[in-house]
Visitor: 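Before we start, here is the structure in question, set down as structure tokens.
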Amino acid sequence: MRKSNLFYLYLYYETMKTSHFIPLAALFIAGSAAAQPSVRIAGGPWLQQPTDEGFTVVWTTTLDAAAWVEVAPDDGSHFYAAERPRYYDTHIGRRRTGRLHRVRVDGLEPGRTYRYRLMQQAVLADEGNRRVVLGEGYGSDILKHAPYPAATHDAQRNSVSFWMVCDIHGRDSIYRLLLDGAGRARPDFVCLNGDMLTQIEDEAQLLDGYLRTTGEVLGTAGIPIVVTRGNHENRGSHASRFLDYFPTPTGETYYGFRQGPAYFLVLDGGEDKPDSDIRYYGLAASDAYRAQEAAWLERAVRSEEFRSAEYRIVLIHMPPDAEGWYGCRETARLFVPILNRAGIDLMLCGHYHRLDYIDDGSHGTDFPILVNSDRDRVAVTAGPQGIGIEVTDTSGKTIRRHRIGKRNR
Ligand SMILES: [Fe+2]
């Protein structure tokens with residue numbers, strides 16, 4: 001065969017290849033358009049920051065997505081009875097995309113229960129300013145399962161009840177036992193009082209360690225979480241993203257909130273050793289943060305909302321202790337003088353991994369400190385009869401009770 005014939009044979013082969021390629025490619029593209037990836041809930045919802053007019057919902061999805069929450073009153077109507085208002089995951093005036101979603105729902109009425117549904121659209125293409133394509137919407141199932149419940153605060157209520165667990169260090173099976181019965185007991189919130197993980201390296205660790213269970217048990221029951229940062233949550237390559245999962249009204253890891261007759265101070269004791277400790281790799285800056293927090297605390301205890309509260313409760317991971325490790329000494333030096341002037345009724349801590357009730361002033365406080373263990377659950381009720389504390393172990397047995405009388409303010 002001549003050389004030119006060989007060339008034409010090659011051209012024919014290429015053409016045939018291409019002519020097959022075109023319909024095959026068209027089929028592939030049509031097929032992929034028909035079967036868009038479905039974006040599902042990977043963890044959550046984690047209900048947080050309830051106030052008298054709203055709440056915050058946080059959850060993660062299996063793919064990058066744009067998300068929103070649909071809210072309906074708890075009035076017996078079907079969720080599909082009306083178009084429900086949408087609250088988008090936005091930040092500084094722009095919808096956010098990603099796998100972690102935070103939606104603030106507001107404009108609600110105080111003391112009411114609501115139902116909500118999570119919605120998300122996968123990001124099919126993101127070419128910046130050239131083209132963004134969102135897929136079809138997928139939501140939490142409201143046909144086979146009830147929508148998620150949530151309630152707004154009622155300032156007129158004369159009692160508040162909550163649970164507290166701490167120092168789980170990623171032992172999800174223990175944590176799950178401690179949350180048993182939460183759906184029946186319906187505490188107003190569950191405080192996760194620090195060291196829920198030994199370090200935060202990535203999201204999978206958060207989910208496997210305790211957050212997936214938190215969504216399954218508390219999120220589905222409409223029970224909010226109040227999260228303090230323990231010393232261990234300062235550690236790991238994902239540690240700086242703490243507030244992405246647990247947003248606060250101050251944008252810091254310390255804040256306060258009022259619920260019924262009680263004001264809660266949520267504090268952060270920082271790291272337990274000096275910032276220069278070799279284990280912090282030169283990255284710790286707890287000294288400056290505690291000083292900034294102490295200045296905020298001075299202002300917080302002067303607020304009308306704090307001063308008008310019948311009960312004043314502090315949630316902090318590390319117990320202050322002038323004789324203890326550096327971090328505990330610093331919280332004793334910086335926070336305790338302010339708290340002693342502020343008429344605190346009770347402080348709830350963890351960190352020691354053993355149960356203790358310190359009401360002898362040995363830690364320099366004029367209020368009792370309940371230190372929970374790493375395998376018990378504390379239930380607290382503050383109401384007309386004072387404050388009642390009940391500590392329960394993983395088998396559900398009550399192992400300790402305390403009662404604190406009402407102060408004359
Ligand atoms: Fe700790």
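When a ligand or atom number is given, it counts from 1 through the structure's own listing order. Below, each value reflects all heavy atoms present in this structure, side chains not excepted, and no hydrogens, waters or symmetry copies.
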Visitor: If we check ring pair (Phe, Tyr, Trp, His ring centres under 6.0 Å) with His353, which of these qualifies: His232, His169, His317?
Guide: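 The single option meeting the ring pair (Phe, Tyr, Trp, His ring centres under 6.0 Å) with His353 is His169.
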Visitor: Can you pull the ring-ring contact (aromatic ring centres under 6.0 Å, His included) pairs that have at least one residue in residues 183-227, sequence neighbours excluded?
Guide: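 Found Phe162-Phe189, Phe189-Phe257, Phe189-Phe264.
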Visitor: To the nearest 0.5 Å, how far apart are CG in Asp359 and NE2 in His363?
Guide: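 The CG atom of Asp359 sits 11.0 Å away from the NE2 atom of His363.
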Visitor: Whether the Trp59 and Gln120 side chains hold a donor-acceptor pair (N or O, under 3.5 Å, no angle test) is what I'd like checked.
Guide: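 Trp59 vs Gln120: donor-acceptor pair found between side chains.
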Visitor: Check the Fe ion (ligand 1) and write out every protein N, O or S atom at under 2.8 Å, as residue and atom.
Guide: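 Only Asp195 OD2, Asn231 OD1, His317 NE2, His351 ND1 fall inside 2.8 Å of the Fe ion (ligand 1).
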Visitor: Answer yes when Glu323 and Arg329 have at least one side-chain N-carboxylate O distance shorter than 4.0 Å, and no when they do not.
Guide: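 Arg329 and Glu323: not salt-bridged.
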Visitor: Check whether Tyr280 forms a cation-pi arrangement with Arg235 (NZ or CZ under 6.0 Å from the six-membered ring centre, at most 45° off the ring normal).
Guide: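 Negative - Arg235 is either too far from the ring of Tyr280 or too far off its axis.
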